Undergrad: 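Take this structure, written in structure tokens, and hold onto it; I'll ask about it next.
Excluded from the calculations below are hydrogen atoms, water molecules and symmetry mates; all remaining heavy atoms, backbone and side chain alike, are included. Note that ligands are numbered from 1 as they come in the structure, with each ligand's atoms numbered from 1 the same way. A quick note: this is a predicted structure, and the numbers were derived from the prediction, not measured.
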Amino acid sequence: MGKVKRAQESEVIMTEMVLPNDTNTLNNLMGGKLMHWLDVVGAIAAQKHSNRIVVTASADSISFQHPIALGNVVTLKAQVTRSFNSSMEVYIEVWAEDIPANKKTKTHRAFFTFVAVDQNGRPIEVPKLEPTTDEEKELFDGALRRRQLRLVLSKRMDPKDAVELKSIFGLEEALGAKKE
Ligand SMILES: CCCCCCCCCCCCCCCC(=O)SCCNC(=O)CCNC(=O)[C@H](O)C(C)(C)COP(=O)(O)OP(=O)(O)OC[C@H]1O[C@@H](n2cnc3c(N)ncnc32)[C@H](O)[C@@H]1OP(=O)(O)O
């Protein structure tokens with residue numbers, strides 16, 4: 001049996017401050033800057049799980065509903081939810097904190113996928129992941145559906161083979177599977 005690692009072993013908490021160079025003309029954090037931080041914190045979590053070089057394969061939809069203001073302290077928490085062969089899904093939560101006002105708000109959540117690669121950039125196998133807490137187990141179970149959705153959207157999986165997706169949405173017919 002291959003190596004198994006616990007989800008908590010990949011946890012990374014990163015803290016940043018929104019500086020003038022990071023903001024738009026409304027003095028709010030630029031979306032691209034936040035995506036950069038998400039990419040870095042997620043990649044470190046994936047590296048901790050795999051002990052390998054990792055590359056970003058995909059980032060799921062990120063919505064910017066809560067602006068983060070100049071001077072806020074931004075905390076990003078990342079953890080691998082599930083590993084597959086060479087790929088790992090990472091869940092990231094973001095909080096913005098106005099320390100003088102003593103106010104902390106959860107602003108974003110995101111799922112990224114990283115792939116462990118060798119020195120030549122070829123995908124390489126990663127340890128399996130064992131979820132421990134209820135939240136980790138829920139994320140672990142959902143990861144299979146999210147992976148299938150990503151692979152279908154990027155045309156890497158035939159919708160007919162997306163068994164998990166079909167079972168939750170009851171999409172057998174819509175996705176072209178033949179009825180018995
Ligand atoms: C001492 C320690 C110090 C630590 C200090 C750390 C500092 C850490 C800082 C890091 C700083 C930031 C690091 C950012 C990292 C970049 O930003 S990297 C730059 C952006 N990313 C890239 O350039 C990647 C470009 N793409 C590729 O290289 C290739 O497409 C990939 C992703 C390696 C996949 O290769 P491929 O030949 O298509 O391989 P294939 O066998 O088909 O697929 C391999 C796996 O990828 C998955 N995959 C492929 N495409 C997708 C997709 N669109 N969606 C989901 N999964 C996909 C497949 O499902 C498959 O998964 P598994 O079944 O193996 O689990």
Side-chain angles (χ1 to χ4, degrees), residues 1-19 21-22 29-64 68 74-95 108-131 136-169 171 175:
M1 197 175 122
K3 194 171 178 188
V4 180
K5 289 176 81 173
R6 287 184 303 119
Q8 284 104 322
E9 292 178 64
S10 65
E11 183 186 275
V12 180
I13 296 175
M14 187 168 111
T15 309
E16 299 280 346
M17 177 177 262
V18 181
L19 298 172
N21 253 358
D22 305 327
L29 177 66
M30 298 272 282
K33 187 72 191 182
L34 178 65
M35 287 174 74
H36 173 73
W37 289 339
L38 290 166
D39 197 24
V40 173
V41 74
I44 298 172
Q47 285 204 335
K48 283 181 75 173
H49 179 75
S50 62
N51 294 109
R52 296 282 182 186
I53 300 166
V54 301
V55 294
T56 314
S58 72
D60 291 4
S61 62
I62 304 169
S63 57
F64 294 94
I68 302 180
V74 180
T75 306
L76 301 100
K77 178 171 172 282
Q79 193 167 299
V80 177
T81 61
R82 187 164 181 158
S83 61
F84 296 94
N85 301 308
S86 63
S87 67
M88 295 153 279
E89 183 191 72
V90 177
Y91 177 56
I92 311 168
E93 292 179 320
V94 182
W95 291 265
H108 298 81
R109 57 200 288 276
F111 290 97
F112 275 55
T113 302
F114 295 89
V115 175
V117 293
D118 64 17
Q119 293 298 334
N120 300 312
R122 281 191 294 263
I124 190 165
E125 201 180 335
V126 297
K128 295 286 164 234
L129 180 133
E130 182 187 28
E136 286 169 6
K137 285 177 188 160
E138 200 176 311
L139 286 164
F140 181 91
D141 290 341
L144 202 52
R145 295 193 290 275
R146 291 187 294 273
R147 169 183 159 93
Q148 292 189 349
L149 184 58
R150 264 173 227 128
L151 296 182
V152 167
L153 291 175
S154 63
K155 301 202 184 317
R156 286 175 162 266
M157 178 181 268
D158 189 322
K160 291 202 288 297
D161 299 327
V163 179
E164 289 289 318
L165 275 184
K166 286 191 287 189
S167 67
I168 54 162
F169 291 121
L171 287 177
L175 289 174

Undergrad: Is there at least one protein heavy-atom neighbour under 4.0 Å from atom 19 (C) of ligand 1?
TA: no

Undergrad: Do me a favour and list the nearest non-hydrogen protein atom to atom 9 (C) of ligand 1 with residue, atom name and distance?
TA: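 Of the protein heavy atoms, Ile44 CG1, 4.3 Å lies nearest.
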
Undergrad: Say you draw a straight line from CZ of Phe84 to OG1 of Thr113; how long is it, rounded to the nearest 0.5 Å?
TA: 8.0 Å

Undergrad: Looking only at protein heavy atoms, which one is nearest to atom 40 (P) of ligand 1, and what is the separation?
TA: Arg156 NH1, 4.0 Å

Undergrad: Starting from atom 35 (O) of ligand 1, find the nearest protein heavy-atom neighbour and note its residue, name and distance.
TA: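 Sorting protein heavy atoms by distance from atom 35 (O) of ligand 1 puts Pro123 CG, 3.8 Å first.
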
Undergrad: Just how far is it from atom CD1 of Ile92 to atom CD1 of Ile62, taken to the nearest 0.5 Å?
TA: 8.0 Å

Undergrad: Does ligand 1 have any atom that is closer than 4.0 Å to a heavy atom of Arg147?
TA: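 So Arg147 counts as touching ligand 1.
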
Undergrad: Which residue from Ser58, Gly121, Ser83 reaches closest to atom 55 (C) of ligand 1 through any of its heavy atoms?
TA: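 It is Ser58 that holds the nearest heavy atom.
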
Undergrad: Considering only protein heavy atoms, which is closest to atom 45 (C) of ligand 1, and at what distance to one decimal place?
TA: Ser86 OG, 3.3 Å

Undergrad: Give me the nearest non-hydrogen protein atom to atom 31 (C) of ligand 1 as residue plus atom name, then the distance to 0.1 Å.
TA: Val55 CG2, 4.6 Å

Undergrad: Is it the case that atom CZ in Arg146 sees more than 12 heavy atoms from other parts of the structure closer than 6.0 Å?
TA: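 Enclosed: over 12 neighbouring heavy atoms sit under 6.0 Å from CZ of Arg146.
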
Undergrad: So do the side chains of Ile53 and Gln119 get within less than 4.5 Å of each other, counting heavy atoms only?
TA: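 Result yes, sub-4.5 Å side-chain heavy-atom pair found.
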
Undergrad: So, regarding Asn85 and ligand 1 (criterion: nitrogen or oxygen to nitrogen or oxygen, under 3.5 Å), is there a contact or not?
TA: yes

Undergrad: Closest non-hydrogen protein atom to atom 22 (C) of ligand 1, residue and atom name please, with distance?
TA: Thr56 O, 3.7 Å

Undergrad: State whether any protein heavy atom lies less than 4.0 Å from atom 49 (C) of ligand 1.
TA: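 Yes; the ligand atom in question has protein heavy-atom contact below 4.0 Å.
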
Undergrad: For the pair Glu93 and Tyr91, evaluate side-chain hydrogen bond (donor to acceptor under 3.5 Å, both in side chains) and give the outcome as yes or no after the intermediate values.
TA: CA-CA 7 Å; Glu93 292 179 320; Tyr91 177 56; 3.1 Å; yes

Undergrad: Donor-acceptor pair, Lys3 side chain versus Pro127 backbone, under 3.5 Å?
TA: no

Undergrad: With a 4.5 Å heavy-atom cut-off, do Asn51 and Lys5 have their side chains touching?
TA: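 Yes, side chains in contact.
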
Undergrad: How long is the straight-line distance from CZ of Phe114 back to OG of Ser58, given to the nearest 0.5 Å?
TA: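 Going from OG on Ser58 over to CZ on Phe114, the span is 9.0 Å.
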
Undergrad: Considering residues, nucleotides and ligands other than Met35, do more than 12 of their heavy atoms fall under 6.0 Å from its CE?
TA: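 No, the 6.0 Å shell around CE holds no more than 12 heavy atoms from other groups.
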
Undergrad: Which residue and non-hydrogen atom of the protein lie closest to atom 3 (C) of ligand 1, and at what distance in Å?
TA: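 Minimum-distance protein heavy atom for atom 3 (C) of ligand 1 reads Gln47 OE1, 4.2 Å.
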
Undergrad: Side chain or backbone of Ala43 under 4.0 Å from ligand 1, or both, or neither, by non-hydrogen atoms?
TA: side chain

Undergrad: Which distance, rounded to the nearest 0.5 Å, do you find between the CD of Gln47 and the CE of Met88?
TA: 8.5 Å

Undergrad: For ligand 1, which atoms sit closer than 4.0 Å to a heavy atom of Ser87?
TA: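 Listed by number with element, the hits are 61 (O), 62 (P), 64 (O), 65 (O).
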
Undergrad: May I ask whether atom 12 (C) of ligand 1 is less than 4.0 Å from at least one protein heavy atom?
TA: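 There is a protein heavy atom less than 4.0 Å from atom 12 (C) of ligand 1.
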
Undergrad: Checking a contact table here: which protein heavy atom is nearest atom 56 (N) of ligand 1, and how many Å away?
TA: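 Closest protein heavy atom to atom 56 (N) of ligand 1: Thr113 CG2, 3.7 Å.
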
